[in-house]
Amino acid sequence: MNNLNGNKGTRMLQQLLMATALAFAAVASQAQTAIEAVTGSTAGGSEVVRIDLSQPLTAVPTGFSIQSPARIALDFPGISNGMGRSTIDINQGNLKSVSVVQAGDRTRVVLNLKQATAYKTQIQGKSLLVVLDTVANAAPANTAPPVVFAENKNRDTLPLKDLDFRRGAEGSGRIVVALPNNQVGVDIRQQGQTLVVEFMKSTLPEGLRRRLDVSDFGTPVQSVTTFQAGDRVRMVIEPKGLWVHSAYQSDEQFVVEVKPQKIDPSKLTQGPGYNGQKLSLNFQNIEVRSLLQVIADFTNFNIITSDSVSGAVTLRLQDVPWDQALDIILQAKGLGMRKTGNVIWIAPKDEINAKEKLELESIAALQNLEPLRTQSFQMNYTKAAEVAASLTATGGGTGTNTSRILSPRGSAIFETRTNQLFVTDVASKLEQVQQLITKIDIPVRQVLIEARIVEASDTFGKSLGVRLGGGSPGGTNASFGPSYVTGAAGTTSGNFVNLPAVGQGGYSPAGFAISLFNASKSNFLNLEIQALEADGKGRVVSSPRVVTADQIKALIEQGTELPYQVATSSGATSIAFRKANLKLEVTPQITPEGNIILTLDVNKDTVGQSTSAGFAINTKHIQTQVLVENGGTVVIGGIFELTESENETKVPFLGDLPGVGNLFKAKARLSNKQEMLVFITPKMIADKAVVR
């Protein structure tokens, strides 16, 4: 028994010694594969980086390049750093230095370059050669001429005309400067968190030397300070938060627009399109999980890969933004991505959709169990009843009582006397209601609309007539008068030509008469000539004006109500009234650009002629919709009437005789012009920038 126990102990000791020896052998084997030296040299016009290792490599290491700063990174799995230092300064050609960093069982070699370039790798014995492509010598950056917005072409120093601030679309701030001409040089640059704009060869009038506090406009711009700096006018714009700016000039107007930069937490990089640093990838049949790890190391993002992500991919990308490269890989393998902070979760799209569906269902289930809260909201500019109606408005189609904003258990009531709103719902919905009220409970901008209705008339009339007669006096001589000649008492014969002139403009024509007698005074001849010329001009200007809020209909009218009789159903008569008035009905709408859309209905009625049924009404009516800039004037319509007539009455044959024929004819000519124009001028009553 003792021998058996001794043999067993001996065998156990031998096994333990063998395991220990194998472990030491494995450690020694691993320790033998290490990077021993890194050197740089030039061969055949190309730069070569030699990486000497203790053991030959079995495969070329994977790597990627960065454009800015210019770097090339190579990963050596299962290899350690045996040099005793992590940085090697070379400063030869395009290569500045080499960094060797070990992390766990992997070592990364980073080539720090002066300019980005392509590279090739090859194994030569126990060494790895990295051949860098040659790059052309670039000119120093400081030799480039400074870039300005517009070159100055003025000889004389001219003053700026005006300076204004406006709120643009999507919450942008617009600084508008009226230049003296389009030859003023402008320089715009960003200094830290401020924008500096300089107008060369310009002066600033005293009225414009001020600081505008525009923080109440709800734009990124907080203040605009303008002052004189030598022969230049300097403007300092102070925005806050994340913003981008643009500048443009149209003739004599220079505009700087500062827009808030919207952050999308689901995007890898902010801005339109792909904006990540560029890299180059060249892999043959590499596992997707390993490729994602390479991108994670490059971007410093934490990438979590689902267990169901598998497979391999072969790709070659040259100078591609890393976010676009990741998008290409995900599309090629049918994967999806969700980003939270600096953590990216990658999984198949079906798995992501299923998980999000479960999360939404759990949130909906929790809302039915979450306790309700009641919160009061004080309305300042909006009626609480209108807000409550919007919150509890139901959708149609399915017959279910589903509100647009509140949850199925939520409710809203209002109190008219204090203009308060009381909402009962879960906390998340109350927060949404608070955000909604913050946006809609704001002062409504107002518009002054002025209409000018101009009516002009130009009338001209001319008439010429004659009366010719004869007879025998009855004992008295014919009388001579300035208007016409009448025979003496007992005259037996009257006028044998009676073509009098026609009155014009309500006036009777003037006349000149003469009587001719023979020697015995037994017969006489009466001749009367009548003529009239009338010329008249008139103008009527009506100017109704009204102030109303944005998108609120306004009405102003003035005139007369005329009575008339109407028959009732019982056969009796009653008195009704019809208006003959001047009316302006308008609904303004302020656009995001600061222009105004006007829906107009303009009437200009006057009392006409009297008829058996009552007075007629002369009507002038315009109904239209027009877009007008703030403070601009537009002619929305007009009516022009021209009436011309020329009449001639004469005695046949005698009226056609030359010269003498004028005694046997009457002429009348009439020319009337009437024109009506309607002018509209809207002016926005907006808050001005506060001068401090």
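FYI, the numbering just counts along the sequence from 1.
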Is the closest side-chain heavy-atom distance between [X] and [Y] below 4.5 Å?
| X | Y | answer |
| --- | --- | --- |
| Leu132 | Val48 | no |
| Val258 | Leu195 | yes |
| Thr87 | Val100 | no |
| Leu129 | Thr121 | no |
| Val109 | Ile51 | yes |
| Leu204 | Thr226 | yes |
| Ile329 | Leu291 | yes |
| Leu317 | Phe283 | no |

* Audit row: Thr194, Glu238, side-chain hydrogen bond (donor to acceptor under 3.5 Å, both in side chains) steps and yes/no -> CA-CA 5 Å; Thr194 62; Glu238 299 181 6; over 6 Å; no

Would the number of heavy atoms belonging to other residues, nucleotides or ligands and lying under 6.0 Å from [atom1] of [X] be above 12?
| X | atom1 | result |
| --- | --- | --- |
| Glu287 | CD | no |
| Lys278 | NZ | no |
| Lys240 | NZ | no |

Polar side-chain atom of [X] near backbone of [Y] as donor-acceptor pair, under 3.5 Å:
| X | Y | result |
| --- | --- | --- |
| Arg373 | Thr424 | no |
| Arg174 | Gly168 | no |
| Gln191 | Gln193 | no |
| Thr117 | Asp133 | yes |
| Asn353 | Lys349 | yes |
| Thr314 | Asn285 | yes |
| Asn152 | Gly185 | yes |
| Gln228 | Gly230 | yes |
| Arg409 | Glu370 | yes |
| Gln102 | Thr107 | no |

* **Criterion salt bridge (Lys or Arg N to Asp or Glu O under 4.0 Å) on Lys126 and Glu36, from CA distance to verdict** => CA-CA 10 Å; Lys126 295 183 180 181; Glu36 296 181 343; over 6 Å; no

* side chain to side chain contact (heavy atoms under 4.5 Å, CB included) evaluation trace for Leu436 with Ile405 -> CA-CA 10 Å; Leu436 174 65; Ile405 297 178; 3.4 Å; yes

Under the side chain to side chain contact (heavy atoms under 4.5 Å, CB included) test, residues paired with [X] that sit two or more places apart:
| X | value |
| --- | --- |
| Ser127 | Arg50, Asp52 |
| Glu361 | Lys357, Leu358 |
| Ser246 | Glu257 |

* At what distance, to the nearest 0.5 angstrom, does NZ of Lys96 lie from CG of Leu111? -> 12.0 Å

* To do: Please round to the nearest 0.5 Å and tell me the distance separating atom CD1 of Ile295 and atom OG1 of Thr299.
  => 7.5 Å

* Considering residues at least two apart in sequence or located in another chain, which fulfil the ring-ring contact (aromatic ring centres under 6.0 Å, His included) criterion with Phe64? -> Phe298

* Applying ring-ring contact (aromatic ring centres under 6.0 Å, His included), name anything that partners Phe199, two or more places apart in sequence or on another chain. => Phe254

For the residue pair [X] and [Y], what are the closest heavy atoms and their distance?
| X | Y | result |
| --- | --- | --- |
| Ser306 | Trp345 | CB-NE1, 4.3 Å |
| Gly93 | Lys114 | O-NZ, 3.1 Å |
| Leu292 | Ile303 | O-CD1, 3.6 Å |
| Gly173 | Val221 | CA-CG2, 4.4 Å |
| Leu326 | Met337 | CD2-SD, 4.2 Å |
| Leu74 | Gly63 | CD2-CA, 4.0 Å |

* Asked: Is there any ring pair (Phe, Tyr, Trp, His ring centres under 6.0 Å) pair reaching into residues 76-112, and which pairs are they, with sequence neighbours excluded?
  -> none

* Structure fact -> Which of Ile175, Val196, Leu160 passes side-chain contact (heavy atoms from CB on, under 4.5 Å) with Met235? Answer is Ile175

* Thinking salt bridges, do Arg106 and Asp297 make one under a 4.0 Å N-O criterion? -> yes

* Give the C-alpha distance, both sets of side-chain angles, the deciding distance and a yes or no for side chain to side chain contact (heavy atoms under 4.5 Å, CB included) between Val184 and Met200. => CA-CA 6 Å; Val184 176; Met200 276 77 81; 5.8 Å; no

* Take Asn112 and Ser97, measure what side-chain hydrogen bond (donor to acceptor under 3.5 Å, both in side chains) needs, and give me the verdict at the end. => CA-CA 5 Å; Asn112 300 312; Ser97 63; 3.0 Å; yes

